[in-house]
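One structure is given below, encoded as structure tokens.
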Number of protein chains: 2
Amino acid sequence: MNQAAKQPTTLEYAILGLLALEPRSGYDLLNVFRTTAIGNYSSSPGAIYPALGRLEKRGLITGTVDHMQTLRPKKIFQPTSMGDETLRRWLASEIAKDDVKRHLDELLLRFAFHSLLDAAASRAFLRGLAVKVDEYVAELRAQRKIFPKEAPPHGRMAFELGLQHYVSCARWARKALRHFEEQS
Amino acid sequence: MNQAAKQPTTLEYAILGLLALEPRSGYDLLNVFRTTAIGNYSSSPGAIYPALGRLEKRGLITGTVDHMQTLRPKKIFQPTSMGDETLRRWLASEIAKDDVKRHLDELLLRFAFHSLLDAAASRAFLRGLAVKVDEYVAELRAQRKIFPKEAPPHGRMAFELGLQHYVSCARWARKALRHFEEQS
DNA sequence: TCGCACATGTAACGTGTTACATGATTCA
DNA sequence: TGAATCATGTAACACGTTACATGTGCGA
């Protein structure tokens, strides 16, 4: 009801996105997190069930009990219209500089749910991502010189892998962008 | 004093490692985190000063006040012998499967401080890392088929970047391993 | 004298982690 | 009958985030 509602956490957004793709129970979600790559974002019942409770309390999802199953009744959740709107706003929101530095995985999660938006939104997202990642790559390259030549190489080697990670992310974003431009 | 002391957090290990490379004050650490790539692991005074306090209380670091400066006195911290040992144990410890899945960045941090150990330890670490990452890559490749062909490509595209990240990590580990094998 | 860099903290808050608890249903 | 799977939770705990508080010394 209030305008300036609290921002959901990454886990809550992940749940919201999964429920937008397909209504599910808490246990279903648990299995998705346990068996697929999205499990990088979470984990155990101790996180998921409370998160579902919060989302429901804030009116972003609703649960309906399904008695029709032979097994114990499940509570199937799906986003409300407000939840859907919150999710879409998140998916399309500006990419902050800090997100690239410290929450690149969350940006990837955002893109993963972009099938809920149109191709124009995906293009905007990928363009923004490429630019911001490039900026950060430039910063990192400037930092290279802080590693003295004669010092042990370990720090620098770890740094190089980190840098490479961002470089391939930028390349990925541009390649993905081409994909969405071709089918315009 | 007690044997089964609590495991430090990633941030605490990062601080311990930085102090092992060179004694520093809290403010110095703050600047390192703010200006270099290690800042991915932290952040603000609100995390660093309490972490320093915990490390000191557990006897892993000691601080000595430096009055000799013209400015306000700084408290310079350095690892105790116990802290040094704790750090080395962490650096050389077995790589758990879950670490690769969800804490790859922490593994990179560990390697970055491997200059405190010998080349044999680095080789063991890199060999273990390559094996574990390969295992996880195999798992991920098996997951590829859950993406239906006709469905929107976004999820799969994000997945591919994640997979690529692990692939290049394995490649990096082997390349680094060769480096440490050549100079044996 | 105004503001910035230096330097060190504290308090509230929410959330993830870990571990535990519960009970129904299916299958061996 | 017992074990494994289905299904949903709760409680303690510590940690990171955010925001705030405090005070010195230096240069414009």
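What you see below is based on every heavy atom in this structure, not just the backbone, and it leaves out hydrogens, waters and symmetry mates. These figures come from a predicted structure and were not determined experimentally. Order of the sequence lines fixes the chain letters, A, B, ..., with proteins taken first and strands second; residue numbering starts at 1 for each chain.
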| message | Is the phosphate of D:dT8 approached by A:Ser25 (side-chain N or O, under 4.0 Å from OP1 or OP2)? | response | yes
| query | Does C:dT17 have OP1 or OP2 sitting under 4.0 Å from an N or O in the side chain of B:Arg102? | reply | yes
| So, is B:Ser44 close to the D:dA19 phosphate, meaning a side-chain N or O under 4.0 Å from OP1 or OP2? | no
| So does A:Lys74 get a side-chain nitrogen or oxygen closer than 4.0 Å to the phosphate oxygens (OP1/OP2) of C:dT25? | no
| message | Check the phosphate of D:dT8 against A:Tyr27, side-chain N and O only, distance under 4.0 Å to OP1 or OP2. Yes or no? | response | no
| Is a side-chain N or O of B:Thr36 found less than 3.5 angstrom from the main chain of B:Phe33, in a donor-acceptor match? | no
| query | Would you say A:Thr9 reaches C:dG16's phosphate, i.e. side-chain N/O to OP1/OP2 under 4.0 Å? | reply | yes
| message | Could you check whether B:Ser122 and B:His114, counting side-chain N and O atoms only, form a donor-acceptor pair closer than 3.5 Å? | response | yes
| Only one of A:Leu11, A:Thr9, A:Leu109 forms a side chain to side chain contact (heavy atoms under 4.5 Å, CB included) with A:Tyr41, so which one is it? | A:Leu109
| query | Is there a donor-acceptor pair closer than 3.5 Å between any side-chain N or O of A:Arg24 and the backbone N or O of A:Ile76? | reply | no
| Is any side-chain nitrogen or oxygen of B:Tyr49 closer than 4.0 Å to OP1 or OP2 of C:dT8? | yes
| request: Could you pick out which residue, A:Gly46 or B:Lys75, lies toward the 5' side of DNA chain C when each is mapped onto its nearest nucleotide? | output: B:Lys75
| request: Determine: side-chain N/O of A:Arg54 to OP1/OP2 of C:dG14, distance under 4.0 Å, yes or no. | output: no
| query | Does OP1 or OP2 of C:dT17 have a side-chain N or O of B:Lys6 closer than 4.0 Å? | reply | no
